[in-house]
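Working notes, structure below.
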Amino acid sequence: MTLKRVILGILTAIAIALVGLSLLASWNQPQIQSRLELYQTNLLLHASEWQGENNQSANLSSARNNIVGADPLNTALTQYQEARDSTRKTLETTQSQFKEIQSAIASKSEDSTLKLAQQKALSESSAQQSTLLNELDLRFGILQVSSGKTEVAIQTWKPLVERYDTQIDDDASAATAKVLTGIWSNPAQLLPDAEPRIQKSLDGWFRYRALAQLYKLQERSKELAALQAAEQVTAQQAVEKLAIIVGVPAISLCIGTVLLVGLTVQWLLQRKQLHTAGSGPLLARNASLTWDVPWDGEIVWQVLVVGFFFVGQILIPYLLLPVSLAVLKLNPATFDPRDKAFYIFATYLLLSAGGLSVLYFSVKSFLPLPEGWFRINWRGNWFLWGFGGYFVALPLVVLVSLINQQFWQGQGGSNPILPIVLEGRDNVALAVFFGTAAIAAPVFEEIVFRGFLLPSLTRYLPVWGAIAASAFLFAVAHLSVSEILPLATLGSVLGFVYTRSRNLLAPMLLHSLWNSGTLLSLFLLGGGAT
């Protein structure tokens with residue numbers, strides 16, 4: 001066994017351990033989808049407040065009625081109840097695991113170093129989930145009040161109020177619960193810091209409802225009128241945003257479903273035709289045409305382990321970045337959304353440069369490569385393949401995601417960039433995130449997973465097997481256990497588009513469209529929380 005293989009073996013073991021720990025850590029983390037549903041519910045509540053005027057567009061009024069529905073409050077109550085139940089269940093599981101770790105550490109029955117790290121992670125996760133549950137309780141109570149269940153709402157806030165009264169801690173949610181209980185009690189009990197507490201702890205429709213009640217009790221008619229006018233502006237914007245968020249995907253889903261059905265019918269009718277390059281039905285083109293692979297599996301192994309996992313998961317995050325930040329005296333924990341956006345963009349560029357460098361030096365001895373490798377051709381029908389693939393991927397990924405949601409119940413983690421985009425309000429930061437997700441990521445990931453990995457695997461697997469294997473590794477590389485199935489589905493469509501088009505521009509376009517759509521939805525939903 002050569003020294004190179006020994007080093008690769010060690011790096012492989014480390015990479016598998018790190019990937020395994022990352023996937024395990026994401027197990028009890030909330031999915032971004034759960035938060036998206038709540039943000040969309042918040043927009044729905046805003047939209048329900050829109051009254052319109054006589055000169056308002058009839059189309060906008062019709063859109064409002066169709067989007068909001070007959071009972072938006074009941075819809076919101078259901079969504080928030082489900083979110084509370086899911087968060088409470090996760091919190092109980094995390095606390096149970098924390099106690100088990102504590103017992104193991106006390107008995108010294110296992111390696112204490114690993115257990116201490118797990119204990120710290122569980123403690124942080126438990127604190128985050130507790131904070132989230134408190135915030136959900138505040139909002140759920142306001143929904144109950146708005147549904148005419150004031151006494152029930154006061155009972156919802158009671159545990160938080162008791163914590164505030166006993167001064168267990170200086171929890172902002174507990175203090176806000178005390179304020180909310182006071183303004184909706186009979187008789188009302190107004191605290192001197194009621195307005196700043198509401199402004200700080202609540203946002204969107206929930207802040208509007210609480211402030212409206214406070215201003216009514218304080219008989220501040222001017223402030224109440226200004227608040228109602230501002231809410232009408234926000235409500236109309238919410239209708240417009242929901243029309244985009246709901247309407248555009250619905251149209252795209254319809255187009256994708258028609259395309260998918262048409263392609264399936266074509267495949268069923270013409271599957272017996274020869275799968276030769278450039279001939280036969282659309283689905284059959286290049287279906288079994290493999291690449292001439294001049295290297296063996298060791299090169300593939302080397303590029304993935306060293307170029308992708310070692311550089312991306314070890315070298316850059318644990319060595320290069322900490323040293324660079326120490327020299328520049330920067331602390332990522334203090335970054336605002338714009339700083340985080342540039343930090344993530346710079347990190348991704350480093351990762352991409354390192355990964356592509358390893359790829360280049362790994363295949364350098366085989367240059368010039370056989371025809372068809374890393375093919376980028378600005379001519380041809382790659383544009384149609386990219387757009388067509390995007391529309392076809394939508395119904396497939398949505399279907400898989402719906403099934404996946406039933407299994408994970410809002411847990412399993414998500415891409416850490418997405419919550420930052422969702423909560424950000426900085427247009428510069430959004431532009432930088434767009435550069436990362438819609439340009440840099442599609443270029444780098446498609447070169448690695450479709451340009452290199454998929455063709456290399458055709459040396460050992462049929463084309464469909466290479467598509468499936470590369471799609472699975474593509475999904476695992478995103479390090480969120482709940483996203484493996486949806487991303488593997490997307491990766492399969494990306495692989496299919498590349499094998500048929502034989503042009504990297506096609507999957508790059510599809511990948512970019514997918515990420516751009518996600519960013520647009522996050523931006524619109526995040527803006528609805530203000």
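Fair warning: this is a prediction, and the values are worked out from it, not measured in the lab.
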Going by heavy atoms in the side chains, are Val443 and Leu504 under 4.5 Å from each other? no

May I ask you to check whether Tyr80 and Phe206 place their ring centres under 6.0 Å from each other? yes

Just jot down the ring-ring contact (aromatic ring centres under 6.0 Å, His included) partners of Phe383, sequence neighbours excluded, or say none. Phe387

Which atom of Pro395 lies closest to which atom of Gly256, heavy atoms considered: CG-C, 3.8 Å

Taking all heavy atoms of Thr458 and all of Ala466, pick out the closest pair and write down the distance. CG2-CB, 3.8 Å

Side chains of Val428 and Phe342 in contact at under 4.5 Å (non-hydrogen atoms): yes

Quick one: which residue pairs count as a salt bridge (Lys or Arg N to Asp or Glu O under 4.0 Å) with a foot in residues 470-479, not counting sequence neighbours? none

Can you check whether Val448 reaches Leu453 side chain to side chain, under 4.5 Å on heavy atoms? no

Do any side-chain atoms of residues 349-361 form donor-acceptor pairs under 3.5 angstrom with protein atoms, and if so which ones, sequence neighbours left out?
from   : atom 1 : to     : atom 2 : distance (Å)
Ser352 : OG     : Tyr348 : O      : 2.8
Ser357 : OG     : Ala353 : O      : 2.6

Walk me through it: do Met508 and Val497 pass the test side-chain contact (heavy atoms from CB on, under 4.5 Å)? CA-CA 10 Å; Met508 284 179 183; Val497 165; over 6 Å; no

Could you check whether any side-chain heavy atom of Asn377 comes within less than 4.5 Å of a side-chain heavy atom of Leu505, counting everything from C-beta outward? no

Could you go step by step and tell me if Trp385 and Asn503 meet the side-chain contact (heavy atoms from CB on, under 4.5 Å) rule? CA-CA 9 Å; Trp385 274 108; Asn503 190 343; over 6 Å; no

Are the aromatic ring centres of Phe449 and Tyr498 under 6.0 angstrom apart? no

To the nearest 0.5 Å, atom CG of Leu394 lies from atom SG of Cys254 at 11.0 Å

What closest approach, in Å, do His46 and Ala238 show between heavy atoms, and which atom pair accounts for it? CB-CB, 3.6 Å

Among pairs that include at least one residue of residues 382-405, which meet salt bridge (Lys or Arg N to Asp or Glu O under 4.0 Å), considering only residues two or more places apart or in two chains? none

How long is the straight-line distance from CZ of Phe452 back to CG of Leu369, given to the nearest 0.5 Å? 10.0 Å

Would you mind reporting whether Leu160 and Leu138 have side-chain heavy atoms less than 4.5 Å apart? yes

Looking at every heavy atom in both Gly372 and Trp291, which two are closest together, and how far apart are they? O-NE1, 3.2 Å

Could you tell me if the side chain of Leu494 sits less than 4.5 Å from the side chain of Glu445, heavy atoms only? no

To the nearest 0.5 angstrom, please state how far the CG atom of Leu253 sits from the CG atom of Leu260. 11.0 Å

Can you name the nearest heavy-atom pair linking Trp373 to Asp292, along with the distance? NE1-O, 2.9 Å

Apply side-chain contact (heavy atoms from CB on, under 4.5 Å) to the pair Phe308 and Leu473, showing each step before the final yes or no. CA-CA 11 Å; Phe308 197 86; Leu473 290 172; over 6 Å; no

Using a 3.5 Å distance criterion without hydrogens, assess whether the side chain of Thr489 forms a donor-acceptor pair with backbone atoms of Leu485. yes

With Arg88 via salt bridge (charged side-chain N to carboxylate O under 4.0 Å, His left out) - residues at least two apart: Asp85

Give the minimum heavy-atom separation between Arg459 and Pro294, together with the two atoms involved. NH1-C, 4.0 Å

For the atom pair CG (Asp137) and OG1 (Thr176), what is the distance rounded to the nearest 0.5 Å? 12.5 Å

Set of salt bridge (charged side-chain N to carboxylate O under 4.0 Å, His left out) partners for Glu92, sequence neighbours left out: none

Report yes or no: do His478 and Glu483 form a side-chain donor-acceptor pair below 3.5 Å? no

Report yes if some heavy atom in the side chain of Ile484 is under 4.5 Å from a heavy atom in the side chain of Phe472; otherwise report no. yes

For the atom pair CG (Asn381) and OG (Ser501), what is the distance rounded to the nearest 0.5 Å? 7.5 Å

Result for ring-ring contact (aromatic ring centres under 6.0 Å, His included) between Trp295 and one of Tyr460, Phe366, Trp301 points to Phe366

Given the rule in the side-chain contact (heavy atoms from CB on, under 4.5 Å) test, do Thr131 and Ser173 qualify, once you have shown the distances and angles that lead to the verdict? CA-CA 8 Å; Thr131 300; Ser173 296; 5.5 Å; no

For the residue pair Val432 and Arg338, establish whether any side-chain heavy-atom pair is separated by less than 4.5 Å. no

CD (Gln302) and OG1 (Thr12) are apart, to the nearest 0.5 Å, by 10.5 Å

